[in-house]
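A short write-up of the structure that comes next.
Please read all numbers here as calculations on a predicted model, not as lab measurements. Starting from 1, each residue takes its place in the sequence as its number. When a ligand or atom number is given, it counts from 1 through the structure's own listing order. Scope of the values below: all heavy atoms of this structure, side chains included, with no hydrogens, waters or symmetry mates.
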Amino acid sequence: TQTTRPQRILAAVQKNATRGDPRSVVKAIDQFCRHKEWAMNVGDEKGCILDSVVTEVNPATVLELGTYCGYSTVRIASLLPSHAKLITLEFDPGNAAIARQVIAWAGLADKIQLVEGASGDWIPKLKEKFGIETFDLVFLDHWKDRYLPDTKLMEECGLLRKGSILLADNVICPGTPDYLEYIRNSPRYKSQYFKSHLEYTKAEDGLEKSVFLG
Ligand SMILES: O=c1[nH]cnc2c(O)c(F)c(-c3ccc(F)cc3)c(-c3ccc(F)cc3)c12
Ligand SMILES: [Mg+2]
């Protein structure tokens, strides 16, 4: 019977990456997706921009919207300080099942809380469920039509503080025009566009980094 793309990504990690070595997990997925089969990980080029933002922010609390196979989850968590926590929300149960195994292979399960379900349902529950006050960094990488409503929801739920950073993938391809229009024109945010390329391709894409001003 046919395997899924996430299953083939996990197989590539288990074959080519070293247990407990997050960077080898990231490299194994990038190799597989560049040379064998494209997949919607943030990838190595945009991943370097993500790395620089994570190291600059040095966050104690991170929220990732959209786990997929756990590539960016592992990439971010590998750069966090020891006490830091990352919560990642994934809608698709199949993706979540694979991501848990990728995260375990990387040896990062103790830093990461993977929550299965819709971001719109879970965002209002994060404070009570995980004892979170606010997020220092949010990585938006789930579904283009949810970037704006979920950002408004995070504001309303008091999950952002003065200085919280939002980093959004795919703002050009496939594009999130309503989110960009809001975040670039709101007096409550200061935004910056990092031009890059769609993962593993020559097409343009980029990351939008926004600071919440309170
Ligand atoms: O949906 C996503 N979430 C997170 N990251 C994504 C990402 O990094 C991507 F590169 C793409 C993408 C872009 C171009 C393309 F041709 C195919 C897929 C998608 C995406 C867009 C539209 C869909 F119908 C399905 C997937 C996503
Ligand atoms: Mg993406």
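For D169, the N/O/S atom at the shortest distance from the Mg ion (ligand 2) is named OD2. Closest to the Mg ion (ligand 2) among the N, O or S atoms of D141 is OD1.
Counting heavy atoms under 4.0 Å from ligand 1, residue D169 touches it through the side chain alone.
In summary, the atoms of ligand 1 found under 4.0 Å from a heavy atom of E199, numbered by their order in the structure, are 7 (C), 8 (O), 9 (C), 10 (F). Those atoms of ligand 1 with a heavy atom of D141 less than 4.0 angstrom away are 3 (N), 4 (C), 5 (N). Of all atoms in ligand 1, listed by their number and element, those nearer than 4.0 Å to a heavy atom of C173 are 14 (C). Less than 4.0 angstrom separates some heavy atom of H142 from each of these atoms of ligand 1: 1 (O), 2 (C), 3 (N), 4 (C). Every atom of ligand 1 with a heavy atom of N170 under 4.0 Å away is listed here by number and element: 4 (C), 5 (N), 6 (C), 7 (C), 8 (O), 9 (C), 10 (F).
At least one N/O/S atom of N170, whether from backbone or side chain, sits less than 2.8 Å from the Mg ion (ligand 2).
In this pair, F212 and Y189 present their aromatic rings tilted. The plane angle is within the 30 to 60° band. Taking the six-membered ring where the residue is Trp, Y179 and Y147 present perpendicular rings, their angle passing 60° and hence far from 30°.
Looking at R100 and E116, a side-chain N of the basic residue comes within less than 4.0 Å of a carboxylate O on the acidic one, giving a salt bridge. With salt bridges taken as basic N to acidic carboxylate O contacts below 4.0 Å, none links E133 and R161. A salt bridge does not link D30 with R34: every distance from a Lys NZ or Arg NE/NH1/NH2 to an Asp or Glu carboxylate oxygen is 4.0 Å or more. K27 and D44 are not joined by a salt bridge, as no carboxylate oxygen comes within less than 4.0 angstrom of a charged side-chain nitrogen.
Proximity of R75 to C48: side-chain heavy atoms (C-beta onward) are separated by under 4.5 Å at one or more points. Using a 4.5 Å heavy-atom threshold, the side chains of D169 and E208 count as separate. At a threshold of 4.5 Å between non-hydrogen side-chain atoms, the residues L80 and P59 count as touching.
Looking only at atom types and distance, the side chain of N41 has no donor-acceptor partner in the side chain of E199 under 3.5 Å away.
Distance from atom 16 (F) of ligand 1 to its nearest protein heavy atom, with residue and atom name: L198 CD2, 4.9 Å. Among all non-hydrogen protein atoms, the one lying nearest atom 15 (C) of ligand 1 is W38 CH2, 4.6 Å. Nearest protein heavy-atom contact of atom 26 (C) of ligand 1 is M40 SD, 3.8 Å.
For atom 8 (O) of ligand 1, a protein heavy-atom neighbour is present inside the 4.0 Å cut-off.
Around atom 1 (O) of ligand 1, the closest heavy atom drawn from Y147, Y200, W143 belongs to W143.
Taking 4.0 Å as the cut-off, P174 counts as a neighbour of ligand 1 on heavy-atom distance.
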